[in-house]
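Let me begin by presenting the structure, written as structure tokens, before commenting on it.
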Amino acid sequence: MPKLFSLLCLCAAFLAAPGACTAAAAAADPEVLFEIEVTATAPDGSTQHFDGVWFDTPLAREIAARLPLDVDLHAFGGREYYGGVDFTPENNPGPGQLHFTDGDITFCFENNTMAIFYAQSSRPNLTMEVYPLGRVTSDLEAFHHLPGSMTFSFARKAENPAVLSPSPFGRSLVAYFSRWDNSNQDLAKVNALTMASVLTVDGVTQGTTAFAAAEIARQVQGEVYAVLTSDLLPASDDALIAQNHAEQEQGAVPALKSGAPLDVSGYDTIFVGFPIWAMSVPRALISWLQSLDLEGKQLVLFCTHNGWGAGRARSQIERAVPQAQLLPGILSLDSSRAAQSGPEIRAFLQQLASSL
């Protein structure tokens, strides 16, 4: 009996030790306020998306008012990404917690930082108190393969633009021309990190214009169409620039791979996307538009660029296809932010729809 009593005492002492039973002692998760999407963007422009939830606490609600929120976070200790924010919340709830669960999104008042914990919850003891804001619910394995520094964007799922239903644009075709789709893919992949017109999202590499086209098509429930030329574009930047200048000066009409003109009679609205090259629309896109029967068709223009805007794009297309009805404006997207362009696209579409 004395031996059994000693063993029971030893077990009790172990269970009472700090951190020995953190998971059991931890309070239940707060109620969920809403679902979120977390987008991690690396210095090379590649991105990784995660799903999550945001908690319903006074502190979390206060910070929720700042969403969408971009925070530069840095890897630490093989367990977390953390980084400072430029604000101090007013709702300081008092004593925080010195433990975490994998996936926790937290705030720390002591050093004014946010963090995402993704590993080592078996050894969760912390030296500074943190306050849970939410939790990443996606598979956390991807965090182990991210670069050391990332910009994390936190946004409500509702802000990740929903489908416009019913679409105010009727049956829509979302057509686009891009360098990536008209390049030798093997050569293009070699230069993907330095090509401003290319981005990688969740391991999939594509052109920024193609990415925007897919997002527009998702929001308006449209069909995507890639404009392809008979000949591939030059792999060299210098050669491509020279070819573009020559085509612009000559008013060239590059041959298209599709052959017969596309029948667009069944579409109410055609979204037309392209990169801006030397402040102009690529001549291949003009060639494609002029091959179509656009009499009375609604056109919506969108473009991607490297910081210089839409240039002469609208006036060029107005002259090229005067029989078409160009709807107001042009959605001009900075290529460096293409992966986060969903809310900007939604705002443009909603404003345009309100003018119809």
Side-chain angles (χ1 to χ4, degrees), residues 44-45 174-185 187-200 205-216 224-258 270-292 294 299-322 324 326 329-339 341 344-345 348:
D44 64 13
V174 184
Y176 72 94
F177 172 83
S178 79
R179 178 181 185 181
W180 178 259
D181 289 271
N182 285 279
S183 297
N184 182 313
Q185 297 290 299
L187 290 176
K189 287 175 184 175
V190 173
N191 300 316
L193 296 182
T194 59
M195 289 170 61
S197 60
V198 172
L199 77 167
T200 300
T205 300
Q206 61 186 323
T208 53
T209 311
F211 182 91
E215 178 59 24
I216 291 171
V224 177
Y225 179 86
V227 176
L228 303 177
T229 54
S230 295
D231 298 323
L232 292 176
L233 297 173
S236 160
D237 286 348
D238 291 340
L240 178 60
I241 291 170
Q243 177 175 309
N244 178 60
H245 282 306
E247 289 180 346
Q248 296 291 343
E249 291 172 2
Q250 298 164 12
V253 183
L256 302 175
K257 189 174 183 179
S258 56
I270 302 173
F271 291 80
V272 180
F274 45 89
I276 296 296
W277 290 351
M279 306 302 288
S280 302
V281 180
R283 289 298 304 178
L285 193 280
I286 297 292
S287 176
W288 180 75
L289 285 173
Q290 292 181 329
S291 75
L292 306 178
L294 295 175
L299 298 190
V300 179
L301 306 183
F302 66 98
C303 68
T304 56
H305 60 84
N306 295 330
W308 297 98
R312 300 183 292 270
R314 186 178 177 86
S315 62
Q316 283 183 306
I317 292 179
E318 285 175 333
R319 290 194 301 271
V321 287
L326 266 67
I330 178 170
L331 175 58
S332 178
L333 301 170
D334 191 318
S335 293
S336 67
R337 298 287 296 171
S341 62
E344 186 177 354
I345 290 172
F348 174 84

How many angstroms lie between atom [atom1] of [X] and atom [atom2] of [Y], to the nearest 0.5 angstrom?
| X | Y | atom1 | atom2 | answer |
| --- | --- | --- | --- | --- |
| Ile241 | Asn244 | CD1 | CG | 8.5 Å |
| Thr229 | Leu285 | OG1 | CG | 11.5 Å |
| Arg337 | Thr304 | CZ | OG1 | 15.5 Å |
| Ser291 | Ile286 | OG | CD1 | 11.5 Å |

**Report entry** Audit row: Thr209, Trp180, side chain to side chain contact (heavy atoms under 4.5 Å, CB included) steps and yes/no
**Finding:** CA-CA 9 Å; Thr209 311; Trp180 178 259; over 6 Å; no
Requested in this report: Start with the C-alpha gap between Gln248 and Gln316, add the side-chain angles, then the distance that decides, and say whether side chain to side chain contact (heavy atoms under 4.5 Å, CB included) holds.
Outcome: CA-CA 11 Å; Gln248 296 291 343; Gln316 283 183 306; 3.6 Å; yes
Query raised in the report: Do side-chain atoms of Arg283 reach the backbone of Gly251 as a donor and acceptor pair under 3.5 angstrom?
Result: yes
Requested in this report: Check for a donor-acceptor pair, side chain of Ser336 on one end and backbone N or O of Asp334 on the other, with a separation under 3.5 Å.
Outcome: no
Report task. Verify the ring-centre separation between Trp288 and Phe274: is it less than 6.0 angstrom? Result -> no
To check you understand the geometry: which heavy-atom pair defines the closest contact between [X] and [Y], and what is its length?
| X | Y | result |
| --- | --- | --- |
| Phe211 | Ala338 | CE2-O, 3.1 Å |
| Leu233 | Gln243 | CD2-NE2, 3.8 Å |
| Val253 | Ser287 | CG1-OG, 3.1 Å |
| Ser341 | Leu333 | CB-CD2, 4.1 Å |

**Report entry** Verdict with supporting geometry, Phe177 and Val281, side chain to side chain contact (heavy atoms under 4.5 Å, CB included)
**Finding:** CA-CA 10 Å; Phe177 172 83; Val281 180; over 6 Å; no
Query raised in the report: Does a donor on one side chain sit under 3.5 Å from an acceptor on the other, for Asp238 and Ser236?
Result: no
Requested in this report: Pick out which of Val174, Ile345, Ile330, Val272 makes a side chain to side chain contact (heavy atoms under 4.5 Å, CB included) with Phe302.
Outcome: Val174
Query raised in the report: So which of Val300, Leu289, Leu294 actually passes side chain to side chain contact (heavy atoms under 4.5 Å, CB included) with Ile270?
Result: Leu294
Query - Criterion side chain to side chain contact (heavy atoms under 4.5 Å, CB included) on Leu292 and Val321, from CA distance to verdict - result: CA-CA 9 Å; Leu292 306 178; Val321 287; over 6 Å; no
Report task. Please list, chain by chain and in numerical order, all residues satisfying ring pair (Phe, Tyr, Trp, His ring centres under 6.0 Å) with Phe348, sequence neighbours excluded. Result -> none
